[in-house]
There are 2 protein chains.
Amino acid sequence: MNPKKDVTIYDIAKQLNISTSTVSRALQNHPAINKLTKKKVIATAKEIGYQYNTFAGNLRKKSTSIIGVMVHELNSNFITSVLAGIEKVTSEAGYDIIIAHSSESYTKESANALNLFHKRVDGLIASLAYDTKNLDHYLPFHQKGIPVVFFDRVEPSDKSTVVVIDNTKCGYQATKHLIEQGCKRIAHITGNLSRNVYAHRFQGYKKALTEHHLPFDKKLLIVNDLGEEAARNATLQLLRLPSLPDGIFITNDFTAAVVIQTLKENGIVVPDDIAIVGFNNDAISKLIEPKITTINYPGIEMGEIAARQLIANLKGEENVQLTNTIIIRSDLIIRESSLKKHTPLSIASNNNANKK
Amino acid sequence: MNPKKDVTIYDIAKQLNISTSTVSRALQNHPAINKLTKKKVIATAKEIGYQYNTFAGNLRKKSTSIIGVMVHELNSNFITSVLAGIEKVTSEAGYDIIIAHSSESYTKESANALNLFHKRVDGLIASLAYDTKNLDHYLPFHQKGIPVVFFDRVEPSDKSTVVVIDNTKCGYQATKHLIEQGCKRIAHITGNLSRNVYAHRFQGYKKALTEHHLPFDKKLLIVNDLGEEAARNATLQLLRLPSLPDGIFITNDFTAAVVIQTLKENGIVVPDDIAIVGFNNDAISKLIEPKITTINYPGIEMGEIAARQLIANLKGEENVQLTNTIIIRSDLIIRESSLKKHTPLSIASNNNANKK
DNA sequence: GAAATTTACGCAACCGATTGCATTATGAAT
DNA sequence: ATTCATAATGCAATCGGTTGCGTAAATTTC
């Protein structure tokens, strides 16, 4: 009934008539162990079906070689790219990752943080939930000297590295592009403005307006949860306005896609009547019609950099400042959804940042 | 420099002048411990900042309360729905999950399986990689009596439960629907036919053809890796055919979206010239134009059921057969991409299986 | 008021790998 | 032959909870 007892290094030691220390060291490829002994140990290990017991090891070593990754959701292209980047770097460095997602809820993020802390992760890479404002739940990590790196959704912290893009610049670029296409009334659909990414994009949006002597109209700013229904409602809300906008800067491509669809359903032509710029360069931005002008947000790179930074911390490279900000490049990809002046598309395609 | 030593139950015991056994039991809310004692233990635990050490506990208990989840990729709506379902059920039951993804590679799947095994997961929920044919890498689990539940991408196994949809039926329905729309030359774009899901959908496709006395034409079957480029090439390949197909059944919505786009670029009208049916009911299927007729594949439900099944196993409910097959309902959602006979859409919308 | 329960707690052996320090075997040097 | 350096291995404590079993104290029973 009960599965037979696990085979341990004691069994190997007994079989070979050596001590467990030797076995342990042989298994770790310790230099002080004779090559022949190593071979024998490894051979019998395989033979009798030995399996390393992580718990015993971790308990003794007080380190897990696990890096926790906290994300808000898994369902975006961007996040999965980041994860891919993180995984690439961490696995090369011999770390495992364990993913927790907050479902955009501060409460869950908090619980997950505690959980990861209990699991004794060696380090943490995190992006904050929609409504996370304070960083108290990361205090235990800081107190115990466990490095934490934040990416994308961050709060200013004097204890951690943050990896971000220049959202202000992106918002500025997007809006400026619309202005250059002749837009005069540019709406902005975005998320909770207390979340850094949205706040900064909004700042960039405003800056571009101001610089081009366009007024900021509160009615053209819509803040919602970026879901499908919210996107439709936002669109209808804009359509109900006495004077329609002629451009919309939208904070993600999925929302932009829904908006475009809703506009089309209401007889609005994109980009002629209303030009659209999205954000993220998700797969969907190239598949809907018209293809969406967007900001390329290199997730893989962000993941790699965050992971590299964390690992540098872990390895104790003292020259690494713990509290710095890394800003990743990002750029505007011009596609059809914003081209009012039917510019020859070659310009746009040159700008296309897709690999291959 | 070194962070202060962790506080353990020994510290609590010393402080209160009781034994660690009592502390341990108090923390577990063991009935044999006095309520007052429990309170005191919990209070001092909080006071001196005690943190449970998972490793010590796991080492002793020989169980981790962790469930491994192996998926092929994270970037589909379907998979993230499944994960959501799994998480809901497992977290309610007090289990944590740790996610591994194989990137569609057998080699990586194999390595991940071993890894999860080393981490001593209590159970495993897995969907196979694109090219995984044998299940040998799950043998260690079976040998040790660790339950494994497969979902979606599976291989017949006499050691595990599998949770699937009736892919044959879905393939049949999709194809039959196209036939009913008047299609006579129906192509099929799909993945590796040695993978169960694709094999069965193909079977259903053939069955529908046969039943309606339509010939099966090898040239109309395209097997590829379902990536974006492959989808474009497949479309072009079909367009080069001496006589074009008038319908295509495509094994996922993303691919279908790319195909539709490519068709449109080549002046083909969907559905009038070529009708399309996709698969999965991903978000994208409702956003592109025309909206894609597809098979609703309820990921959340599949995740929940797989998780429930696994937990039933873990709890040792003896009445649970270990080796059965659970088939989840799924249904055709009719949208514009397949409606040649411009049927009033009310029929289709009734069929719409969206929640809410 | 003695016996039988019940309640609450402690003892001490585990779980399995790691590692500082000591020890022995081997070879080189004098 | 003796000494010293080096290579290879062993000893035993340690990591921090868990739990079967035993026991003392409190309560009930007749």
Side-chain angles (χ1 to χ4, degrees), chain A residues 2-42 44-45 48-66 94 117-122 144, chain B residues 2-42 44-45 48-66 94 117-122 144:
Chain A
N2 241 11
K4 34 194 176 297
K5 267 179 77 123
D6 283 331
V7 1
T8 74
I9 56 169
Y10 291 90
D11 301 316
I12 302 179
K14 209 169 298 168
Q15 185 121 152
L16 290 173
N17 237 332
I18 57 180
S19 76
T20 60
S21 334
T22 305
V23 174
S24 174
R25 291 190 176 104
L27 257 16
Q28 296 174 70
N29 201 20
H30 189 110
I33 301 293
N34 188 308
K35 284 200 177 179
L36 186 66
T37 315
K38 281 184 193 169
K39 264 196 189 132
K40 280 197 275 186
V41 167
I42 291 169
T44 46
I48 64 180
Y50 166 76
Q51 292 291 350
Y52 181 79
N53 185 318
T54 326
F55 303 123
N58 288 342
L59 175 58
R60 182 60 226 253
K61 283 186 301 189
K62 294 189 158 231
S63 102
T64 59
S65 293
I66 293 180
F117 183 70
H118 281 164
K119 292 228 176 69
R120 300 282 209 279
V121 296
D122 284 354
K144 231 183 131 195
Chain B
N2 239 10
K4 36 194 175 294
K5 265 180 79 127
D6 283 330
V7 2
T8 73
I9 55 169
Y10 290 89
D11 300 317
I12 301 179
K14 209 170 296 168
Q15 186 123 150
L16 290 173
N17 237 329
I18 56 180
S19 77
T20 61
S21 333
T22 304
V23 175
S24 173
R25 290 190 177 106
L27 258 18
Q28 297 173 70
N29 201 19
H30 189 110
I33 301 293
N34 188 309
K35 284 199 176 180
L36 185 68
T37 315
K38 281 184 194 170
K39 265 194 189 136
K40 280 197 275 186
V41 167
I42 290 170
T44 46
I48 63 180
Y50 166 75
Q51 293 289 353
Y52 181 79
N53 185 316
T54 326
F55 303 123
N58 288 342
L59 175 58
R60 183 57 225 248
K61 282 186 303 188
K62 295 188 158 233
S63 102
T64 58
S65 294
I66 293 178
F117 184 70
H118 281 164
K119 291 228 176 69
R120 300 282 209 278
V121 295
D122 284 353
K144 231 183 128 197

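Predicted, not measured: the structure shown is a model, and the values here were computed from it. In what follows, chains carry the letters A, B, and so on, assigned in the order in which the sequence lines appear, proteins first and then strands, with residues in each chain numbered from 1.
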Discussion item. Expressed as a whole number of angstroms, how long is the span from Lys62(B):NZ to dA17(C):C1'?
Written reply: 13 Å
Worksheet item: What is the distance from atom OG1 of Thr64(B) to atom CZ of Arg120(B), rounded to the nearest 0.5 Å?
Response: 9.5 Å
Practice prompt. Report which part of the nucleic acid Phe55(B) touches: base, sugar-phosphate, or nothing (heavy-atom distance under 4.0 Å, all strands).
Written response: nothing
Discussion item. For the CG atom of Asn58(A) and the CG atom of Asp122(A), what is their distance to the nearest 0.5 Å?
Written reply: 8.0 Å
Worksheet entry | Set of ring-ring contact (aromatic ring centres under 6.0 Å, His included) partners for Phe117(A), sequence neighbours left out | Phe141(A)
Practice prompt. Ignoring hydrogens and angles, state whether a donor on the side chain of Ser21(A) or Ser24(A) is under 3.5 Å from an acceptor on the partner side chain.
Written response: no
Discussion item. Donor-acceptor pair, distance only, cut-off 3.5 Å: does the side chain of Thr20(B) make one with the backbone of Tyr10(B)?
Written reply: no
Discussion item. Categorize Asp11(B) for me: base, sugar-phosphate, or nothing, with a 4.0 angstrom heavy-atom threshold over every strand shown.
Written reply: nothing
Worksheet entry | Integer-rounded Å distance: dC15(D) C1' and Ile9(A) CD1 | 14 Å
Practice prompt. Check the distance between dA17(C)'s P and His118(B)'s NE2 and give it to me in whole angstrom.
Written response: 11 Å
Worksheet item: Considering only heavy atoms, which members of residues 18-28 of chain B lie under 4.0 Å from some atom of DNA chain C?
Response: Ile18(B), Ser19(B), Ser21(B), Thr22(B), Arg25(B)
Worksheet item: Is Thr37(B) near enough to dC9(C) that one of its side-chain N or O atoms lies under 4.0 angstrom from OP1 or OP2?
Response: yes
Item to complete: Round to the nearest Å and state the distance from Arg60(B) atom CZ to dG16(C) atom P.
Response: 10 Å
Fill in: Length of the NZ-P vector between Lys35(B) and dA8(C), whole Å
10 Å
Practice prompt. Specify the separation, in whole Å, of atom OH of Tyr50(A) and atom C1' of dA17(C).
Written response: 7 Å
Worksheet item: Is it true that a side-chain atom of Thr44(A) and a backbone atom of Ile12(A) form a donor plus acceptor pair closer than 3.5 Å?
Response: no
Discussion item. Measuring to OP1 and OP2 of dA17(C), would you say a side-chain N or O of Asn53(A) lies under 4.0 angstrom away?
Written reply: no
Response to the item:
Between NZ of Lys14(A) and P of dG10(D) the distance, given in whole Å, is 15 Å
Worksheet, complete the sentence: Heavy-atom nearest nucleotide on DNA chain C taken for Ile33(B) and for Lys61(B); more 5' hit belongs to Ile33(B)
Worksheet entry | Protein-nucleotide distance (Ile12(A), atom CD1; dT9(D), atom C1'), rounded to Å | 16 Å
Worksheet item: When you measure from the side chain of Tyr52(B), which nucleotide among dT18(D), dG16(D), dT9(D) comes out closest?
Response: dT18(D)
Worksheet item: Nearest heavy-atom pair of Ala13(A) and Ser19(A): which atoms, and what distance?
Response: CB-C, 3.9 Å
